[in-house]
Trainee: 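My questions will all concern the structure given below.
A quick note: this is a predicted structure, and the numbers were derived from the prediction, not measured.
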Amino acid sequence: MFSLNSTPHCLKSSIWRLSVAFRQHKLVSGFADLRRLSTLSSFTTMHATALQHTARGQQATACSRTRVRATIPARICHCQGRQRLVVVATATPTKEDATLKADSAAPAKGSSAAPTAVPVPQPVIEDEGIELAWPAPRPWAEVLLSKVADTVDDLGVIARRTFNDNVPGIEAIDRLFRAGKGGKLQLKKETQKPVVLVLGTGWGAHSLVKVIDVEQFEVVVVSPRNHFLFTPMLPSTAVGTVEFRSLLEPIRTSNPFATYLEASCEKIDPDTKVAYCTAAVAFEDGRRPQFEIEYDMVVVAVGEQPATFGVPGVADYCYFMKEVSDTVELRKKIQEAFELAALPGTSEEDRRRVLHFVVVGGGPTGVEFAGTLNDFVRVDLAKKYPELMPFVTVSLYQSAQSILTQFSGSLQQRAIQNFKASGVQVVLGVQVTGVERDFIKIKPKDSEEVQDVPYGLCVWSTGNAARPLVRDLVAGLPRQGKYSNPARPAAAKLAVDPYLRVVGARDMIALGDCSMMLGNRLPATAQVAGQQGAYVARMVNRGYSMGLGGMDTAPPVRVDPALGEVDTEGLRKLHPVDAAAISQQPKLTEMDLQAVLNNDSTYLRTPAGVSYYRKPFEFLSLGIMAYVGNDKALTQVEAFDTSLNVYGSLAFLLWRSVYITKQVSFRNRVLILFDWMKARVFGRDLSQF
Ligand SMILES: Cc1cc2nc3c(=O)[nH]c(=O)nc-3n(C[C@H](O)[C@H](O)[C@H](O)COP(=O)(O)OP(=O)(O)OC[C@H]3O[C@@H](n4cnc5c(N)ncnc54)[C@H](O)[C@@H]3O)c2cc1C
């Protein structure tokens, strides 16, 4: 929270600081009309609501949105014979604020000026008794423009890296680590650059690693998977429409200057800022190296794992669709089922059972797999095993009364009709209560009667659950308790503030599926995770320290190197948590730091140079799409705050164009185009090995 006093002696500098703050946030500051504002005792913007005032002649239009994490009350003062809007402190919106906002929405009498948009009040979040309103969302086009500008910035970072030939060798890794206690390797703290530890190589981590500036940071990536995987096309690999290698990008290719370790992080100590990791690969004698990595900032982007909801037998007999290894196994199992059914002596009952392919879950992944599998069976396998076709069934079981519930009602109906027309059996309103080796138990939601359904292959796609690391972190951070339900540890997600900082932890970021943004619950999708990763990389590239995460703590802060040196020792005592992070900044005055730590108004009275990162994460939704088989898809395109529904072959064309464009490398684009052509011309590959 910050304020400017309206007392005459400080007015000039206050206004100057205010206008600096305004410029930082692309606000327009100017002269306000006294008559319209003189009744105003406070002008409140909470957390990131807007303050924008434009003044032309006798008119003051007010408030639009931007990102100001503070309460900014206003008062009018005289300065050099002119009237100025000055900001003073207050904690809550007043009636006058509401009046001003309402007034400002309409042009002043006798003026032809267009009304300025007034932000819609946002939900208020209470955290430890402090109320903070969520930033008002900006219009779609504004967010798009800002993302485009950011992407141009990113290209600069990537270009610098591309022309750098000094890719570190294995000796660089040896230099980075030293033997620690008990034979465990430890990251050497004497590395010159701050260490950014990234956990994961999925959507969030990958986009961060691509954009982060390795000239400024020592980037260490820890993940049991040494590649990025383009998950939306995973179902296609299970039937051979696309080869799985076409969807992968080795993380070492994504950023050759990051140090990658094929390991899992098992524990993070947020107080000492150490991550404990164990290699995902082992030597022949079973030795599995362990590492302790001391970080300056950690990014938790470990995603989630398939949820079984405790249904007996799921873990033992079902297949999942999460990793490439899952689809490789699935593809083998599908082909095995046909070969088994084609063997002489196989009974009709067995044929019917092994050729019953069950998908549980009517979300995008389950639907896409059911549609893709049905294509494979009806188009390719039908040519090779025509005699088996009467025994084949593809079934989709869904507990809700519809499928693809994130799409509009009409698109849901289209998907169901398409499945009926192409021979996929859709069973709605049923729960799978158990899975045995040969049959699944299903129960209609409104009945107690359980039915046994024989099956040959069951794909379980009912959602995700927290990974152990995330569960432990949520349980171990006291301030996370408020946002999680201890009775449902599988549903745990790391609560993050608008800057994606983990609430209650120092220098810890969480993004993607494993996180939950407070006040603005975003879907667990690749789109969100990818944008979040790039967002964090930009924030750190611009030199911001994370500090302590929470809705009532200061946003990430940066200190201008022009500031004078200070004794940060005393400041550490003052506030041991944030001070340590902030004092890493080379030059910082005591006053600055105190103000930043207390998140109070005084810092604006200190010499300029302390700046907050006032750009909370904004999600730019481009819409959703799903392939439903038979060369048809659903797309719900979102642009300019409206949405457009497209279904059928045109939507399928859109689906393919978007996915080819969204590939993370040119190589993958070419490979996928070839795969599609190959499948169309020669059919999908049926060989089994
Ligand atoms: C089949 C399928 C289809 C999908 N289709 C779409 C779609 O069409 N559109 C869409 O928007 N979204 C889609 N999604 C969802 C999307 O893939 C996820 O939302 C996205 O992957 C989340 O990204 P993330 O970075 O949070 O996690 P992930 O991408 O899951 O990455 C997690 C990473 O963390 C690593 N990891 C796990 N544990 C540890 C540990 N202990 N230490 C270190 N690293 C660890 C993993 O190996 C992995 O590299 C789909 C998902 C699936 C499975």
Trainee: Counting N and O atoms only, with roles assigned by atom type, does the side chain of D497 sit under 3.5 Å from a partner on the main chain of G550, one being a donor and the other an acceptor?
Mentor: yes
Trainee: Is there side-chain contact between E243 and T237, with heavy atoms separated by less than 4.5 Å?
Mentor: no
Trainee: OG1 of T259 to CD1 of I251: how many Å apart, nearest 0.5 Å?
Mentor: 12.0 Å
Trainee: Only one of R160, R538, R542, K147 forms a salt bridge (Lys or Arg N to Asp or Glu O under 4.0 Å) with D153, so which one is it?
Mentor: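 That would be R542.
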Trainee: Hey, is the main chain of L622 close enough, under 3.5 Å, to the side chain of Q527 for a donor-acceptor pair?
Mentor: yes
Trainee: Can you tell me which residue among L208, V214, V211 is in a side chain to side chain contact (heavy atoms under 4.5 Å, CB included) with N255?
Mentor: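 The residue from L208, V214, V211 that satisfies side chain to side chain contact (heavy atoms under 4.5 Å, CB included) with N255 turns out to be V214.
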Trainee: Using modelled atom types only, decide if a donor and an acceptor are shared between the side chain of S246 and the backbone of V242 within a distance under 3.5 Å.
Mentor: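 It does not hold such a pair.
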Trainee: Sort out for me which residue in T231, L247, L248 forms a side chain to side chain contact (heavy atoms under 4.5 Å, CB included) with V324.
Mentor: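 Answer to the side chain to side chain contact (heavy atoms under 4.5 Å, CB included) test with V324 among T231, L247, L248: L248.
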Trainee: Report the C-alpha distance between S254 and E249 in whole Å, list the side-chain angles of each, state the deciding distance to 0.1 Å, and finish with yes or no for side chain to side chain donor-acceptor pair (under 3.5 Å).
Mentor: CA-CA 7 Å; S254 314; E249 180 174 73; 2.9 Å; yes
Trainee: State, yes or no, whether a side-chain contact exists between Q305 and N464 at a heavy-atom distance under 4.5 Å.
Mentor: no
Trainee: Treating S223 as the side-chain partner and R225 as the backbone partner, does any N or O pair qualify as donor plus acceptor under 3.5 Å?
Mentor: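 Yes, because the side chain of S223 sits within donor-acceptor range (under 3.5 Å) of the backbone of R225.
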Trainee: When rounded to the nearest 0.5 angstrom, what is the spacing between CZ in R479 and CG in L548?
Mentor: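 R479 CZ to L548 CG: 6.5 Å, rounded to 0.5 Å.
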Trainee: Please walk me through it: do I509 and V298 pass side-chain contact (heavy atoms from CB on, under 4.5 Å)?
Mentor: CA-CA 6 Å; I509 293 276; V298 63; over 6 Å; no
Trainee: With side chain to side chain donor-acceptor pair (under 3.5 Å) as the criterion, how do R138 and S146 come out once you've worked through the C-alpha distance, each side chain's angles and the decisive distance to 0.1 Å?
Mentor: CA-CA 10 Å; R138 289 195 296 167; S146 126; 3.3 Å; yes
Trainee: Search all heavy atoms of S515 against all heavy atoms of Q532 and return the closest pair with its distance.
Mentor: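 Closest pair (atom of S515, atom of Q532, distance): OG-OE1, 4.1 Å.
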Trainee: Check for me whether the distance between the ring centres of F617 and Y499 falls short of 6.0 Å.
Mentor: no
Trainee: When you compare the side chain of R252 with that of N226, does any pair of heavy atoms fall below 4.5 Å?
Mentor: no
Trainee: In sequence, state the C-alpha distance, the side-chain angles, and the governing distance for V302 and D513, and then conclude on side-chain contact (heavy atoms from CB on, under 4.5 Å).
Mentor: CA-CA 8 Å; V302 297; D513 288 5; over 6 Å; no
Trainee: Quick one: pull up CG in L650 and NZ in K632 and give me the separation to the nearest 0.5 Å.
Mentor: 12.0 Å
Trainee: Do N668 and S665 have a side chain donor and acceptor closer than 3.5 Å?
Mentor: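 Side chains of N668 and S665: pair found under 3.5 Å.
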Trainee: Which heavy atom of W655 sits nearest a heavy atom of M625, and at what distance?
Mentor: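 Reported closest heavy-atom pair: CA-SD, 3.7 Å.
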Trainee: Check whether any side-chain heavy atom of V496 sits under 4.5 Å from a side-chain heavy atom of R501, and report yes or no.
Mentor: no
Trainee: Using a strict 4.0 Å threshold on nitrogen-to-oxygen distance, state whether K493 and E304 make a salt bridge.
Mentor: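 So K493 pairs with E304 through a salt bridge.
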Trainee: On a heavy-atom basis, which atom in Q636 and which in S643 lie closest, and how many Å separate them?
Mentor: CG-OG, 3.9 Å
Trainee: Show, in sequence, the C-alpha distance, side-chain angles and deciding distance for M297 and F217, and conclude whether the side-chain contact (heavy atoms from CB on, under 4.5 Å) test is met.
Mentor: CA-CA 10 Å; M297 180 184 129; F217 303 100; over 6 Å; no
Trainee: If we only count heavy atoms from C-beta on, is the V300 to I268 side-chain gap below 4.5 Å?
Mentor: yes
Trainee: Within the structure provided, determine whether V536 and L511 are in side-chain contact (heavy-atom separation under 4.5 Å).
Mentor: yes
Trainee: Among side-chain atoms of T365 and S461, is any donor-acceptor pair under 3.5 angstrom?
Mentor: no
Trainee: With the threshold set at 4.0 Å, does a side-chain nitrogen-carboxylate oxygen contact exist between K273 and D296?
Mentor: no
Trainee: Might you confirm whether atom NZ of K662 has over 12 heavy atoms from other residues, nucleotides or ligands at distances under 6.0 Å?
Mentor: no
Trainee: Using the rule side chain to side chain contact (heavy atoms under 4.5 Å, CB included), only one of T201, V198, V664 pairs with H206; which is it?
Mentor: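 When side chain to side chain contact (heavy atoms under 4.5 Å, CB included) is applied between H206 and each of T201, V198, V664, only V664 qualifies.
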Trainee: State, to 0.1 Å, how close E368 and P232 come at their nearest heavy-atom pair, and which atoms those are.
Mentor: OE1-O, 3.5 Å
Trainee: Please give me the minimum heavy-atom distance between I403 and A415, naming the atom from each residue.
Mentor: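 Closest heavy-atom pair between I403 and A415: CD1-CB, 4.0 Å.
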Trainee: How many angstroms lie between CZ in F228 and OG1 in T253, if you round to the nearest 0.5 Å?
Mentor: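 So the CZ of F228 and the OG1 of T253 are separated by 12.5 Å.
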Trainee: What closest approach, in Å, do F652 and D631 show between heavy atoms, and which atom pair accounts for it?
Mentor: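 Heavy atoms of F652 and D631 come nearest at CB-O, 3.3 Å.
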Trainee: Would you say the side chain of V148 lies within less than 4.5 Å of the side chain of D150, judging by non-hydrogen atoms?
Mentor: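 When only atoms from C-beta onward are counted, V148 and D150 do not touch, as no gap falls below 4.5 Å.
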Trainee: Should Q480 and L494 be marked as a side-chain contact (heavy atoms from CB on, under 4.5 Å) after you check the CA-CA gap, both sets of side-chain angles, and the distance that decides it?
Mentor: CA-CA 7 Å; Q480 289 283 324; L494 284 161; 4.2 Å; yes
Trainee: Got more than 12 heavy atoms from elsewhere within 6.0 Å of CZ, R245?
Mentor: no
Trainee: Can you name the ring pair (Phe, Tyr, Trp, His ring centres under 6.0 Å) partners of F230, sequence neighbours left out?
Mentor: W203, Y659
Trainee: I need the K482 NZ to L518 CG distance, nearest 0.5 Å.
Mentor: 9.0 Å
Trainee: If you measure from OG1 on T635 to CZ on F407, what distance do you get to the nearest 0.5 Å?
Mentor: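 That separation rounds to 8.0 Å.
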Trainee: Any non-hydrogen side-chain atom of I660 less than 4.5 Å from a side-chain atom of L673?
Mentor: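 Contact flag for I660/L673 side chains = yes.
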Trainee: Please indicate whether R414 has more than 12 foreign heavy atoms, meaning atoms of other residues, nucleotides or ligands, lying under 6.0 Å from its CZ.
Mentor: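 Count not over threshold, so no.
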